[in-house]
Structure formats: structure tokens, C-alpha cells
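Data first, discussion second: the structure below is written as C-alpha cells.
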Amino acid sequence: MSKEERQRIYEYAMDRKNRELKQLEDTIKELQKDNEQDKKMLIAAEVFLFLLGVLFGALLMKTFGRLP
């Protein structure tokens, strides 16, 4: 195998690894963005459930005479 063939094979392998690395970096960025959206949705769900619990508690207290 000549030096030029080895160089071509090396360059091809490095190019392939660089493409794989770029693809992995893009995947990581997408997952981070999805993670941020999931955090926001989780906070919204927690606030909604808290308010629903307060409303339900007030309804129970009103029903059983604990509130004026």
C-alpha cells in the first residue's frame, strides 16, 4: 500500500468520524432543547395541579361548612 493510499484512507476515516461527531453534537443539542421544553411543561403541570388542589380543597371546605 502506497503512502498516498494510506493518506486517502486516513482522510476518509477522519472525515467519517467528523461527520459522526457532528451528528452526535446535533443530537445532543436537540435533546437539550427537548429537555428545556419538558422542564417548562412540568412546571406548568405542577402549577395547574396545585391550583386544582386548592380549588378542590375550597370546594370541600365550602360543602362541609368550614368556609363562611
Side-chain angles (χ1 to χ4, degrees):
M1 191 180 302
S2 72
K3 184 177 182 180
E4 289 142 4
E5 287 175 332
R6 284 193 305 250
Q7 183 67 27
R8 240 186 10 241
I9 291 170
Y10 174 77
E11 288 174 1
Y12 174 77
M14 290 303 292
D15 184 50
R16 185 172 173 187
K17 289 295 179 189
N18 286 336
R19 282 185 302 210
E20 290 174 0
L21 182 60
K22 175 73 171 126
Q23 196 173 27
L24 288 173
E25 288 171 347
D26 292 343
T27 301
I28 288 171
K29 286 178 185 175
E30 288 178 24
L31 289 173
Q32 286 174 338
K33 189 187 337 177
D34 290 346
N35 190 23
E36 289 298 319
Q37 290 175 346
D38 289 347
K39 284 181 185 178
K40 291 176 184 175
M41 286 176 41
L42 181 61
I43 290 170
E46 288 174 347
V47 169
F48 174 75
L49 289 175
F50 173 76
L51 293 175
L52 189 63
V54 168
L55 182 65
F56 187 68
L59 180 65
L60 284 176
M61 291 173 77
K62 182 78 170 168
T63 302
F64 294 110
R66 301 272 190 238
L67 287 177

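In what follows, every heavy atom counts, from backbone to side chain, and hydrogens, waters and symmetry copies are set aside.
Residue pairs meeting the side chain to side chain donor-acceptor pair (under 3.5 Å) criterion with at least one partner in residues 31-51, sequence neighbours excluded, do not occur; the list is empty. Under the side chain to side chain donor-acceptor pair (under 3.5 Å) criterion, the residue pairs touching residues 8-28 are Gln7-Glu11, Lys22-Asp26, with sequence neighbours excluded.
Residues Val47 and Phe56 are members of separate hydrophobic clusters, defined by side-chain heavy-atom contacts under 4.5 angstrom among Ile, Leu, Val, Met, Phe, Trp and Tyr.
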